[in-house]
Amino acid sequence: MGRKISILGSTGSIGTQALEVAEKHGFRIHALAASRSVDMLEKQVRKYKPEVVCIYCEEFYSLLKNRLSDMKIKILTGMEGLCEIAADKEADILLNSVVGMVGLKPTLAAIEAGIPIALANKETLVAGGSLVMSAAEEKGVPILPVDSEHSAIFQCLQGNSRKQLHKIILTASGGPFYGKTKAELERVTAADALKHPNWDMGSKITIDSATLMNKGLEFIEAKWLFDVTPEQIEVVVHRQSVVHSAVEYDDYSVIAQMGVPDMKIPIQYALLYPDRMPCPTKQLSLCDYGQLTFARPDTETFRCLAIAIDAIKRGGTVPAVMNGANEVAVAAFLKGKIGFLQIAELVEQAMNNVSFREVRSLSDVLEADREARENVHKLIQ
């Protein structure tokens, strides 16, 4: 199709699947960026031959430069490198699939440059939703959701009036610990939490799925992407991950989007929008599944979901504080420094300890994020 794309987070789960989609449809790869995976990034560069590459962690810059010394390619590093790629007008679309707050500045850089964005970085909208959406509206830059749930909502809205949207039904797999009690969760390990029943994802997002924080982040994303109130979003546990989400209209008609649990479907929809073509995945057979089940989430046991909903209701910099605190707490859990249930406890403490601010600029968000991380580090020590 000749479409030229840049990918931030090319060595991650979303990035590698996006490259598979790009290869199938003949996209040209303009730029690739990764955090620290030099080996995989080198292989991608040699296969897809982008014009620009960025290694975010500066300590790996020299290594990557030496590895690619035989190739004619521009090599960047750090946040400046990510933002340069994001704002590069040689690309027709930017896929932002980095993990964490690192994705916020590149998103704003792409918007400023007028580059359409396929967004798979939750934290961009969780921490800086008001800034991002107002900037995108002002510049007329489309933000196409890549998360399976938000892609589903986006698809269900096609051909219908947003003004007639009554509510969003946001589905959740329930993660690996669905049905467990708090007593049982006190003993779980990072290895247990990384065994997701349906999706193959990176470690941070998999832990977020286990705590239901991932659904909380998606709740906040949905509020910003679709301009709804928190009261218009209902979270429903759907263990099979076939119904990716649904929307209810004012006449109480409900339209859902379904498919096998494979991220290549929403990735391709964002990159090809508004076109649809065969996707490199399996077709859905409802008969093979036999039945689909739905239940209310247990927010007493999995408190991170309730904490995230409370954060967006409180507004201002509270979601940024929540997000920053969660990133630090999850990293500590993965290293065995804290227990599973302590993730929610630390996030909630940070939300109560860090002063509230209105979000008027990027610096407000970044300062709230810094204070939240600092607060959790102190609590862990």
Side-chain angles (χ1 to χ4, degrees), residues 79 99-108 111 119 121-138 143 150 168 170 204 207-208 211-235 297 299-300 302-333 338 341-381:
M79 181 57 72
V99 176
M101 270 287 289
V102 68
L104 178 55
K105 282 187 177 180
T107 297
L108 291 171
I111 292 171
L119 187 63
N121 172 248
K122 294 178 172 62
E123 295 81 2
T124 283
L125 290 180
V126 171
S130 60
L131 296 176
V132 171
M133 296 310 293
S134 60
E137 184 177 3
E138 181 182 338
I143 296 181
H150 302 101
I168 286 168
L170 193 65
K204 195 267 182 182
I207 300 302
D208 282 345
T211 65
L212 288 197
M213 177 59 86
N214 189 50
K215 204 52 50 181
L217 300 179
E218 290 174 359
F219 186 103
I220 297 173
E221 269 191 288
K223 177 259 183 295
W224 291 116
L225 280 170
F226 306 109
D227 192 23
V228 293
T229 66
E231 290 72 26
Q232 287 178 283
I233 306 171
E234 178 187 5
V235 176
T299 53
E300 289 294 320
F302 299 90
R303 290 178 50 239
C304 280
L305 175 56
I307 288 169
I309 294 172
D310 176 56
I312 190 59
K313 287 181 176 179
R314 287 164 64 179
T317 54
V318 179
V321 170
M322 177 210 71
N323 180 74
N326 181 65
E327 286 191 29
V328 175
V330 168
F333 172 66
I338 63 170
L341 293 176
Q342 284 181 276
I343 296 174
E345 293 170 5
L346 289 166
V347 172
E348 197 161 34
Q349 286 181 65
M351 286 167 57
N352 292 329
N353 292 343
V354 177
S355 299
F356 176 91
R357 296 186 190 86
E358 294 291 349
V359 175
R360 296 187 175 87
S361 67
L362 177 59
S363 62
D364 292 323
V365 175
L366 297 179
E367 179 60 18
D369 175 74
R370 185 195 65 77
E371 289 184 19
R373 291 170 188 272
E374 188 176 274
N375 188 269
V376 175
H377 280 303
K378 287 179 179 176
L379 291 170
I380 291 172
Q381 292 172 357

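Interatomic distance, Ile220 CD1 to Leu225 CG, rounded to the nearest 0.5 Å: 12.0 Å. Considering NZ of Lys204 and NZ of Lys122, their distance stands at 8.0 Å, rounded to 0.5 Å. The CG atom of Leu170 lies 9.5 Å from the CZ atom of Phe226; values are rounded to the nearest 0.5 Å.
The 12-atom threshold is not exceeded at NZ of Lys105, counting heavy atoms of other residues, nucleotides or ligands nearer than 6.0 Å.
Applying the side-chain contact (heavy atoms from CB on, under 4.5 Å) test to Leu131 and every residue at least two apart in sequence or in another chain returns Val359, Leu362, Val365. Residues that satisfy the ring-ring contact (aromatic ring centres under 6.0 Å, His included) test with Phe333, not counting sequence neighbours, are Phe340. Taking the side-chain hydrogen bond (donor to acceptor under 3.5 Å, both in side chains) definition, one finds that Thr124 meets it with Thr107, Asn121, sequence neighbours left out. A search for side-chain contact (heavy atoms from CB on, under 4.5 Å) contacts involving Glu358 returns Phe356, Arg360, not counting sequence neighbours. The side-chain contact (heavy atoms from CB on, under 4.5 Å) test applied to Glu137 returns no partner, not counting sequence neighbours. The side-chain hydrogen bond (donor to acceptor under 3.5 Å, both in side chains) search around Glu367 returns Arg370, not counting sequence neighbours. Among residues two or more places apart in sequence or in another chain, the side-chain contact (heavy atoms from CB on, under 4.5 Å) test is passed with Ser363 by Ser361.
Using a 4.5 Å heavy-atom threshold, the side chains of Met79 and Val102 count as touching. A heavy-atom distance below 4.5 Å is found between the side chains of Ile143 and Val132. Within the 4.5 Å cutoff, no side-chain heavy atoms of Met213 are placed close to those of Ile343.
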Only pairs under 3.5 Å count here: list side-chain donor-acceptor contacts from residues 304-314, not counting sequence neighbours, and write none if there are none.
unit_1 : atom_1 : unit_2 : atom_2 : d
Asp310 : OD2    : Arg314 : NH1    : 3.3
Arg314 : NH2    : Met351 : O      : 3.3

Name each donor-acceptor pair under 3.5 Å that joins a side chain in residues 315-328 to protein atoms two or more places apart or in another chain, with its distance.
unit_1 : atom_1 : unit_2 : atom_2 : d
Thr317 : OG1    : Arg357 : N      : 3.2
Thr317 : OG1    : Arg357 : O      : 3.4
Asn323 : ND2    : Glu327 : OE2    : 3.1
Asn326 : ND2    : Asp208 : OD1    : 3.0
Glu327 : OE1    : Arg373 : NH2    : 2.8
Glu327 : OE2    : Met101 : N      : 3.0

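Within the structure, the salt bridge (Lys or Arg N to Asp or Glu O under 4.0 Å) test picks out the following pairs touching residues 220-234 (sequence neighbours left out): Lys167-Glu234.
Of all heavy-atom pairs spanning Phe219 and Pro230, the tightest one is CZ-O, 3.3 Å. Contact between Ala350 and Val376 at its shortest, heavy atoms only, is CB-CG2, 4.0 Å.
Side-chain polar atoms of Glu218 and Asn214 form a donor-acceptor pair below 3.5 angstrom.
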